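Chain letters run A, B, ... following the sequence lines, proteins first and then strands; every chain starts at 1. On a predicted model such as this, the values are computed, not experimentally measured, just so you know.
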Protein chains: 2
Amino acid sequence: VTDRSAPRAGVATTGGASLELGRVAIVGAGQAGTMLGLALRGVAAEVALFDRNPVAAEASLRRKAGDRTIPSLDRVAEADVVVLAVPVPEIVKLLDQLAGVLRDGTFVVDTGSAKAAVVEAMGRLPAAVHAIGGHPMAGTERAGAEGAEPLALRGATFVLTPVREDPVALRLASILAEAVGSRPVVMDAKVHDRLVARTSHLPHLLAFALAAVTARAGAPDEVAALASTGLEGATRLARSDPAMVAGFLRANADEVRAAAADLSEAVDEVLAALGGDGLEDLLAKGRSAVERLR
Amino acid sequence: VTDRSAPRAGVATTGGASLELGRVAIVGAGQAGTMLGLALRGVAAEVALFDRNPVAAEASLRRKAGDRTIPSLDRVAEADVVVLAVPVPEIVKLLDQLAGVLRDGTFVVDTGSAKAAVVEAMGRLPAAVHAIGGHPMAGTERAGAEGAEPLALRGATFVLTPVREDPVALRLASILAEAVGSRPVVMDAKVHDRLVARTSHLPHLLAFALAAVTARAGAPDEVAALASTGLEGATRLARSDPAMVAGFLRANADEVRAAAADLSEAVDEVLAALGGDGLEDLLAKGRSAVERLR
């Protein structure tokens with residue numbers, strides 16, 4: 001049992017969350033797993049870390065994201081709460097691997113940024129396992145334990161995408177989201193994937209594409225001389241881990257394609273307005289849309 | 001003659017810049033004109049402000065961007081240095097209006113972000129007027145005098161696009177650029193327009209288009225819940241003044257269209273790679289390109 005007498009600064013301590021959450025196993029000790037481990041330590045009864053790469057698990061432990069590491073995947077089943085914090089394609093594989101070993105009553109949640117495939121795989125778990133899709137909307141561009149910033153969870157949206165009618169899963173997921181300082185928002189997995197394709201995956205794709213366009217635009221020193229702070233902001237997401245971005249773009253490929261088509265249409269609207277009087281109004285609409293996002 | 005005994009903090013004082021630059025008239029007291037006025041006061045012998053909108057000129061004067069306002073456009077011709085800091089289409093009109101009134105030896109520079117049309121219009125000035133295109137790569141999203149941040153000029157690129165063989169224009173432009181703390185970079189106007197279409201105008205266009213796509217993606221509260229800090233960065237440029245953005249998109253329309261076609265190609269490359277193994281490599285290339293921009 002962990003010492004809760006001195007809660008660490010910056011971490012929300014929900015009354016009773018320790019008892020409710022019990023022993024947590026985090027699978028995947030990268031940025032997301034480390035961020036959640038840091039936020040859950042002192043809140044859950046125990047946080048244990050598993051990563052296929054033992055070096056990554058040790059790095060996360062050194063950042064104090066867990067009380068200990070877990071030596072093998074099957075031992076994850078000893079936990080009361082299993083958090084899958086790996087790229088989306090691996091989450092789906094892990095769920096199929098864990099289906100036979102998870103104990104009745106175990107609560108399972110993930111952190112993937114595409115949810116339809118995850119929720120479908122969760123639907124193949126025994127009904128006695130309480131599973132729900134999760135997407136904490138917090139992170140940095142820096143891969144691995146070093147990139148984890150648990151304070152980013154404070155006030156962030158933590159999307160929950162139900163698998164089936166399961167009040168226990170929903171309650172535990174809400175407790176976990178609130179325990180790390182986030183705001184649980186329940187949403188259908190397909191609606192989530194449609195929205196996040198446009199609010200997150202498309203911006204990532206555009207940042208990488210824009211970086212490629214500028215790199216091809218001219219001599220590197222001339223391009224660098226004309227690189228404004230505006231460009232720096234517009235391409236910031238292209239500093240993200242390529243493996244992570246590839247993971248969610250592939251997992252949400254259909255919606256990503258649809259979002260890119262929407263963007264192409266919006267760009268064409270602006271280009272069509274270049275010769276006319278409506279350009280300012282069209283841009284003013286875009287500005288209003290951005291102001292509403294705050 | 002201005003008091004140079006107490007140079008203001010944050011403003012570079014090039015030896016002799018006061019004598020060299022003489023009396024400066026800034027036409028257009030918006031964000032760019034106010035920024036340059038703030039940076040040039042105490043460096044030039046005098047800074048006077050003209051704006052067709054007297055309220056804007058007064059607002060700029062209140063920010064201390066000039067020593068006085070100029071009551072009418074024709075009085076601009078009394079200055080030794082004329083800085084045209086209005087949207088690009090107006091710069092071209094102003095140059096044609098001023099062609100008959102500017103005195104021999106006057107130095108003319110502008111701040112527009114598209115240069116081919118400006119340089120062409122400058123070519124119609126008498127040869128005894130020393131004109132050169134200028135583009136200080138510094139600014140904020142906030143329109144008007146209130147948005148001016150003279151410190152943004154420190155270390156920024158100040159592109160100079162020559163009109164004709166004119167060593168006087170080039171020397172005075174370099175003195176002015178360095179006097180405000182920027183780095184003069186001489187470049188052909190067409191090369192500038194090609195590059196800036198990709199490093200600045202396209203990112204602006206994409207920010208507005210992305211804002212429109214997210215606004216149409218779903219219910220406003222759901223979209224807002226899924227708006228990440230990544231999206232905030234990616235759409236930051238859509239907070240810019242629509243009139244300013246419309247001005248440079250129109251002035252550089254051909255290159256903006258070509259840049260949008262380049263982007264569409266780069267997006268399609270990523271989409272085509274979604275089903276294959278090359279996606280990570282393609283994204284890693286984009287990341288390298290961004291890292292080279294620093």
Side-chain angles (χ1 to χ4, degrees), chain A residues 137 157 185 194-196 198-200 202-203 205-215 217-218 220 222-228 230-231 233-239 242-243 245-246 249-250 253 257 259-260 262-264 266-267 270-271 274 279-280 283-287 289-290 292-293, chain B residues 137 157 185 191 194-196 198-200 203 205-215 217-218 220 222-228 230-231 233-239 242-243 245-246 249-250 253 257 259-260 262-264 266-267 270-271 274 279-280 283-287 289-290 292-293:
Chain A
M137 303 282 298
T157 296
V185 174
R194 175 182 161 73
L195 290 174
V196 91
R198 287 149 182 89
T199 62
S200 169
L202 176 64
L205 196 172
L206 288 180
F208 282 97
L210 187 57
V213 167
T214 56
E222 288 189 325
V223 173
L226 293 197
S228 59
L231 181 64
T235 55
R236 193 176 61 85
L237 291 173
R239 297 177 184 275
V245 176
L249 291 182
R250 278 205 189 96
R257 284 196 192 91
D262 288 355
L263 183 94
S264 173
V267 168
V270 178
L271 294 180
L274 284 183
L279 183 56
E280 280 83 353
L283 298 175
K285 270 188 208 168
R287 183 161 73 163
V290 166
R292 281 197 303 273
L293 289 179
Chain B
M137 303 282 297
T157 297
V185 173
V191 172
R194 175 182 160 75
L195 290 173
V196 92
R198 287 151 182 88
T199 62
S200 170
L205 197 170
L206 287 180
F208 282 97
L210 187 57
V213 167
T214 56
E222 288 189 325
V223 173
L226 293 197
S228 59
L231 180 65
T235 55
R236 193 176 61 85
L237 290 173
R239 298 175 184 276
V245 176
L249 291 181
R250 278 205 189 94
R257 283 195 192 93
D262 288 355
L263 183 95
S264 174
V267 168
V270 177
L271 295 180
L274 283 183
L279 182 57
E280 280 83 354
L283 298 175
K285 269 189 208 167
R287 184 161 72 164
V290 167
R292 281 196 303 273
L293 289 179

Could you have a look at A:R250, A:E280, A:R257, A:M137 and say which one has the most heavy-atom pairs with chain B under 4.5 angstrom?
A:R250
Rounded to the nearest 0.5 Å, what's the gap from CG on B:L206 to OG1 on A:T235? Could you check?
11.5 Å
Do B:P242 and A:R287 make a side-chain contact, defined as non-hydrogen atoms from C-beta onward lying under 4.5 Å apart?
yes
Reported CZ-to-OG1 distance for the pair A:R198 and B:T214, which is rounded to 0.5 angstrom
10.5 Å
Which one, B:P203, B:A238, B:A217, leads in non-hydrogen pairs under 4.5 Å with chain A?
B:A217
Side-chain ion pair, A:R194 and B:E222, N-O less than 4.0 Å:
no
Reported CG-to-CG distance for the pair B:L283 and A:L205, which is rounded to 0.5 angstrom
8.0 Å
Least distance between heavy atoms, B:A266 atom then A:A212 atom
CB-CB, 4.5 Å
Which region of A:A260, side chain (C-beta onward) or backbone (N, CA, C, O), has a non-hydrogen atom less than 4.5 Å from a non-hydrogen atom of chain B, or is it both or neither?
side chain
Counting heavy-atom pairs under 4.5 Å with chain B, which one of A:A225, A:G218, A:A227 comes out on top?
A:A225
Which bit of B:V270 comes within less than 4.5 Å of chain A, counting heavy atoms only: side chain, backbone, both or neither?
side chain
Below 4.5 Å, heavy atoms only, C-beta onward: do B:L226 and A:V185 meet side chain to side chain?
no
Please identify, among A:A246, A:G286, A:P220, the residue contributing the most non-hydrogen atom pairs under 4.5 Å to chain B.
A:A246
With chain B, which of A:L202, A:L210, A:L237 has the greatest number of heavy-atom pairs at distances under 4.5 Å?
A:L210
Heavy-atom pairs under 4.5 Å with chain B: which of A:A253, A:A234, A:A215, A:G230 has the most?
A:G230
